[in-house]
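Before any comments, here is the structure.
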Amino acid sequence: MFSTLTVLSLPGRGAARLAATALVSAVAAAGVVTGAGPAAAAQDGAARGQGGATATIGGLKTHGTAVIHGATGDQEVPAGLFEMSVDGGGMLQTYCVDIQNPTQKDAKYRETAWSGTSLGTNKDAGRVRWILQNSYPQVNDLAALAKKAGVRGALTEQDAAAGTQVAIWRYSDDTDVEATDPEAERLADYLEKNARDVAEPAASLSLDPPAVSGRPGERLGPVTVRTNADGATVTPPVDATAGGVRIVDRNGAPVTSVTNGTQIFFDVPEEADPGTVGLTVQASTTVPVGRAFASESRSQTQILAGSSESTVTATAIATWADQGAIPALSARKNCAEGALDITASNKGDEDFTFELLDTEYTIAAGESRTVTVPLPEDRPYDFTVRGPAGFEQRFSGVLDCRTRTAALGDTTHTLTEPVPSAPVEPPSPNPNLAETGSSGVTPVIGGTAIGLVVIGGAVLLVLRRRDEQ
């Protein structure tokens, strides 16, 4: 199925030089972001840094039970498949990879590279993908699966889902867990024993790079389309709303369709005032098994087990000016460093100098550099980069790089421990939604996990351009 590409335009910028000031405001307890204007929303760095599917979790649909064995006792939890509804159409099936963390009701998830989750630092992440490829629901012949695993009795969908989830947890969380049903446990043992390292799958859709810059009269780019979709249809910007900017190929011909590997450019008229234009590529495809899904509300990380034909998107922006520094900014989570990598390139004729966490950086004209910004685990961040004449670019999210087991130091909590007050929305009362990693009869783990999220605190990062005049 072919997809569409639309271009979002922002008003022309009166300033010839791009000097930026970054203000990072802490997200309030309920997750409300302050200080983000319309331009910031149109250039959301969290969305631009990652392409693919965006979905809302709908609940734990096919599951059995499992027992977590800890030094201070056992904890019974549901174990199995979640379902997600994809924005724009489609359904996903996922398992979780953070056993001690609850799932928030109606949490929004975004397709994410392993490097932006706990899988990025897990040497066994590839084995998790092997399990997904060789078990339910990818293998839906349960009789054949049971025979291969040495299961003596019948293997139900619930058993298959529970056994698969348990095997995944043993590698994703390095925890002592077993399925309560004998058939499910035998399947889990088989999957754990036979798992092999498999490479991370590519994103269903991405644009590389997600931000470009240059001068009026130039073709800004290239931006390369990466996707497993068969093709895409391109809708060029309307001159009246995009200042005459067109989407073209390397030779300047208007682009009407794209496929994997296609390079596209922003063709900016020479007379265009300094400004910014954003484009969105949308496709319909199946998301590759093994893609991670992370939420921005500290809901437990998921990994894809199955996908229907689903809507996927990716966005990119172009910025131009006739003189001075002309930066392009993008960001990506870096769990290996516990940080956010901010990449700044400068296609202008002057240095782009900024200060970040008391450190000054200079991006020379024509150069690019990635600045690694350390961030606290589980704490929301919201960066709005502002410049003259209303220029804004936003980066927001939550750094969720460690499983809850690792964050708690492999401590198993008992029913007698007090539950801290929750500073964010508590887990759903739906027993089929929030219980994986937080059993209905053992609410302490879930409450503790949420209680660890830091409520307040504001981190101020200043990104400023020196000697603007």
Q.
Applying side-chain contact (heavy atoms from CB on, under 4.5 Å) to N122 and W114, what does each step give before you reach the verdict?
A. CA-CA 9 Å; N122 186 340; W114 286 359; over 6 Å; no
Q: Mind running side-chain contact (heavy atoms from CB on, under 4.5 Å) on E83 and L92 for me, showing each step along the way?
A: CA-CA 6 Å; E83 284 189 2; L92 306 176; over 6 Å; no
Q: Apply salt bridge (charged side-chain N to carboxylate O under 4.0 Å, His left out) to the pair R298 and D98, showing each step before the final yes or no.
A: CA-CA 11 Å; R298 195 53 182 94; D98 192 352; 3.7 Å; yes
Q. Going through the distances and angles, do C401 and E377 end up as a side-chain contact (heavy atoms from CB on, under 4.5 Å)?
A. CA-CA 7 Å; C401 290; E377 178 79 3; 3.5 Å; yes
Q: Could you give me the CA-CA distance, side-chain angles and deciding distance for N194 and W130, then say whether side-chain contact (heavy atoms from CB on, under 4.5 Å) is met?
A: CA-CA 9 Å; N194 288 276; W130 185 95; 3.7 Å; yes
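Contact of the V225 side chain with the T259 side chain is not registered, since no non-hydrogen atoms from C-beta on lie closer than 4.5 Å. P201 is listed as a side-chain neighbour of R129, based on a closest heavy-atom distance under 4.5 Å. Side-chain contact between Q75 and Q100 is present, with at least one heavy-atom pair separated by less than 4.5 Å. At a threshold of 4.5 Å between non-hydrogen side-chain atoms, the residues L187 and S135 count as touching. A heavy-atom distance below 4.5 Å is found between the side chains of V77 and W169. Side-chain contact between S295 and Q104 is absent, with no heavy-atom pair separated by less than 4.5 Å. A heavy-atom distance below 4.5 Å is found between the side chains of E200 and R291. Counting only heavy atoms from C-beta outward, the side chains of C96 and F293 never approach each other to under 4.5 Å.
Note: Y109 OH to Q302 CD = 4.5 Å, rounded to the nearest 0.5 Å. Atoms CZ and OG1, from R402 and T117 in turn, are 14.0 Å apart once rounded to the nearest 0.5 Å. Of the inter-residue distances, the one linking D208 atom CG with S330 atom OG reads 9.0 Å to the nearest 0.5 angstrom. Separation of atoms OH (Y95) and CG (L60) is listed at 10.0 Å; rounding is to 0.5 Å. To the nearest 0.5 angstrom, Q165 atom CD is 10.0 Å from I131 atom CD1. For the atom pair CG (D230) and OG1 (T285), the distance works out to 7.0 Å, reported to the nearest 0.5 Å.
The two atoms that bring V312 and S204 nearest to each other are CG1-OG, 3.3 Å, heavy atoms only. When all heavy atoms are compared, the tightest approach of N346 to I363 is ND2-O, 3.1 Å. Residues V139 and L145 share a closest heavy-atom pair of CG1-CB, 4.2 Å. I57 and M84 make their closest contact through CA-CG, 3.8 Å (heavy atoms, listed as atom of the first residue, atom of the second, distance). The shortest heavy-atom contact between V287 and S307 is N-OG, 3.1 Å. Looking at every heavy atom in both residues, A336 comes nearest to T121 through CA-CG2, 3.6 Å.
In this structure, a donor-acceptor pair under 3.5 Å is present between the side chains of T180 and T65. Judged purely by distance below 3.5 Å, without hydrogens or angles, the side chains of T370 and T343 pair a donor atom with an acceptor atom.
By the side chain to side chain contact (heavy atoms under 4.5 Å, CB included) test, N260 is found to be paired with R226, T227, residues two or more places apart in sequence or in another chain being considered. Under the side chain to side chain donor-acceptor pair (under 3.5 Å) criterion, D189 pairs with R170, not counting sequence neighbours.
A donor-acceptor pair under 3.5 Å is absent between the side-chain atoms of Q138 and the main chain of Q133, judged by distance alone. A donor-acceptor pair under 3.5 Å is absent between the side-chain atoms of Q282 and the main chain of T313, judged by distance alone. No side-chain donor-acceptor contact under 3.5 Å links E178 to the backbone of V67. Between the N228 side chain and the T286 main chain, a donor and an acceptor come within less than 3.5 Å of each other. Proximity of a side-chain donor or acceptor of K333 to a complementary backbone N or O of A113 within less than 3.5 Å is not detected. Side chain of D159 to main chain of E183: no donor-acceptor pair is present (N/O by atom type, distance under 3.5 Å, no hydrogens or angles). A donor-acceptor distance shorter than 3.5 angstrom exists from the side chain of S308 to the backbone of M91, with no hydrogens or angles considered. Although no hydrogens or angles enter the test, the distance criterion places a donor-acceptor pair under 3.5 Å between the side chain of Y171 and the main chain of E192.
For the side-chain contact (heavy atoms from CB on, under 4.5 Å) with T94, the qualifying choice from I303, L132, L304, L81 is L304, the only one to do so. Of the residues listed (T103, D400, L119), the one engaging T301 in a side-chain contact (heavy atoms from CB on, under 4.5 Å) is D400, and it is the only one.
Residue K148 places its NZ atom among 12 or fewer non-hydrogen atoms of other residues, nucleotides or ligands, all under 6.0 Å distant.
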